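I have placed the structure first, in the form of structure tokens, so that the comments after it can refer back to it.
Source: prediction; values computed, not measured. All values below come from the heavy atoms of this structure, side chains included, with hydrogens, waters and symmetry mates left out. Below, chains carry the letters A, B, ... as their sequence lines are ordered, and counting in each starts from 1.
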Protein chains: 2
Amino acid sequence: MEQTTSEKILDVAQTLVVAGGYNGFSYADISEAIGIRKASIHHHFPTKAQLVSVLLQRYAKQAEDGLNAVSANVSNPVDRLQAYFGHWQSCITQTSEPFCVCAMLASEIELLPEEVAAHVRRHFENLSRWLASTLTQGVKQGQFRLSVAAEEEAQILMASVHGAMLSARAFGRPEIFAAIVGPQLGRLSP
Amino acid sequence: MEQTTSEKILDVAQTLVVAGGYNGFSYADISEAIGIRKASIHHHFPTKAQLVSVLLQRYAKQAEDGLNAVSANVSNPVDRLQAYFGHWQSCITQTSEPFCVCAMLASEIELLPEEVAAHVRRHFENLSRWLASTLTQGVKQGQFRLSVAAEEEAQILMASVHGAMLSARAFGRPEIFAAIVGPQLGRLSP
DNA sequence: AATTGCCTACCTACTAATAGGTAGATTCAA
DNA sequence: TTGAATCTACCTATTAGTAGGTAGGCAATT
């Protein structure tokens, strides 16, 4: 088998969450998309909260691997940030994944099951930590000059990326993402 | 009567949308919050899409009035942006309205009823237009120096605000909003 | 080799609760 | 006494989740 049913379910669920958030999809939607019965989905993922939790665990692993790969393969901190931005830019322009699943869920975090909310918070922490450490390295190597602390600049960059995703979606114009995020890097050069 | 039932319904609905988006609330929630039956809400707003549409019309009016008031009463473009940022900063720190209702809805725009989605798009256009014109005036008066076009810088600022809202919510730390948005103004001075 | 038991995966058929929405009667104020 | 506002009482569709069963694979026992 190429892909297990569980993986298919998670893939579809992720697409649906990206499209409409936690309350924007149902087991029936997944069922229809992959052609199995609702009950079979419950066999793999007893509750919706568990399904989305597993989804976010998988996402966290992918994200961690992705960021680690960038850190390992790209020596220049400027290029590292570029790689991160570029990842999202291609996701969005190809409309393959036009929004970060955690950003999507963060907006409705107040009414998420606690176990799901915890995953979302952790993602925000991990991402801002990676950005901050990348910035710190760039400062050490003289490639960045920051006007605020690295942690704060990391928050600014992360917010830019999320806000850019939102605007691209709201205007229905993927190219807006690059227009917003692009100038951010220039700001940091000494 | 101090406040009409319609207004009460809209107020509660707005709070609920801000908390969890379009699919995150129901007529039953509103009914419970203000102590009337579901059917009575349908009397005022026959469908959910109409309810949210009226909500967004009202919101657009308030936003327009607010921005016009700033333009009228604050002559300095720097202070105008400051006033806009400050508005959201106090909304968020007082947790009275911790998120823009249109930003919330924009994230799930793909599955909104078309009439609702149209309102959301219009809000993004209006806000970015106001920001761009404020920036342009500031440039003319020599208070801003932009490294990109005013329209693009407006998009950057708007994205910062929305991303900052999201981070403040995700981390559960309202002060993050100011930490992200605060440094944006400094960037623009010549 | 055949049987037994267990497992995974999936099914049909159901539940209780909730969703948005409707019909028609009643209340109440102008 | 008309009309708006609210009510009770309902409807249909959908929600997440459950009950119970079937088909086939795998392995140990006979």
Open item on the list: Classify A:F25 by what it touches in the nucleic acid, base, sugar-phosphate, or nothing, heavy-atom distance under 4.0 Å.
Closed with: sugar-phosphate
TODO: Looking at every strand, decide which applies to B:A28 at a 4.0 Å heavy-atom threshold: base, sugar-phosphate, or nothing.
DONE: sugar-phosphate
Starting from [atom2] on [N], measure out to [atom1] on [X] and report it in whole angstrom.
| X | N | atom1 | atom2 | result |
| --- | --- | --- | --- | --- |
| B:H42 | D:dC11 | NE2 | C1' | 12 Å |
| B:K8 | D:dA5 | NZ | P | 13 Å |
| B:I36 | C:dT27 | CD1 | P | 18 Å |
| B:Y27 | C:dG21 | OH | P | 6 Å |
| A:I9 | C:dC10 | CD1 | C1' | 11 Å |
| B:I30 | C:dG21 | CD1 | P | 11 Å |
| B:R37 | C:dT27 | CZ | P | 16 Å |
| A:F45 | C:dA9 | CZ | P | 11 Å |

[N] OP1/OP2 closer than 4.0 Å to side-chain N/O of [X]:
| X | N | result |
| --- | --- | --- |
| A:H43 | C:dC10 | no |
| A:S40 | C:dA9 | no |
| A:H44 | C:dC10 | yes |
| B:T5 | D:dT6 | yes |
| B:S26 | C:dT18 | no |

Task: Full working for salt bridge (charged side-chain N to carboxylate O under 4.0 Å, His left out) between B:R169 and A:E110 - done: CA-CA 8 Å; B:R169 170 165 276 190; A:E110 288 173 30; 2.8 Å; yes
Open item on the list: I'd like to know whether B:N126 forms a side-chain hydrogen bond (donor to acceptor under 3.5 Å, both in side chains) with B:E64, so could you lay out the CA-CA distance, the side-chain angles of the two residues, the decisive distance to 0.1 Å, and finally the verdict.
Closed with: CA-CA 8 Å; B:N126 290 340; B:E64 195 193 338; over 6 Å; no
TODO: Answer yes or no: is there a donor N or O on one side and an acceptor on the other, between the side chain of B:Y27 and the main chain of B:T47, under 3.5 Å?
DONE: yes
Open item on the list: Tell me whether the count of non-hydrogen atoms from other residues, nucleotides or ligands lying under 6.0 Å of CD in A:E32 goes above 12.
Closed with: no
Open item on the list: Can you classify the ring geometry of B:F124 versus A:F171 as parallel (below 30°), tilted (30 to 60°) or perpendicular (above 60°)?
Closed with: perpendicular
- [ ] Please state whether the base of C:dG21 and the side chain of B:K48 form at least one donor-acceptor pair under 3.5 Å?
- [x] no
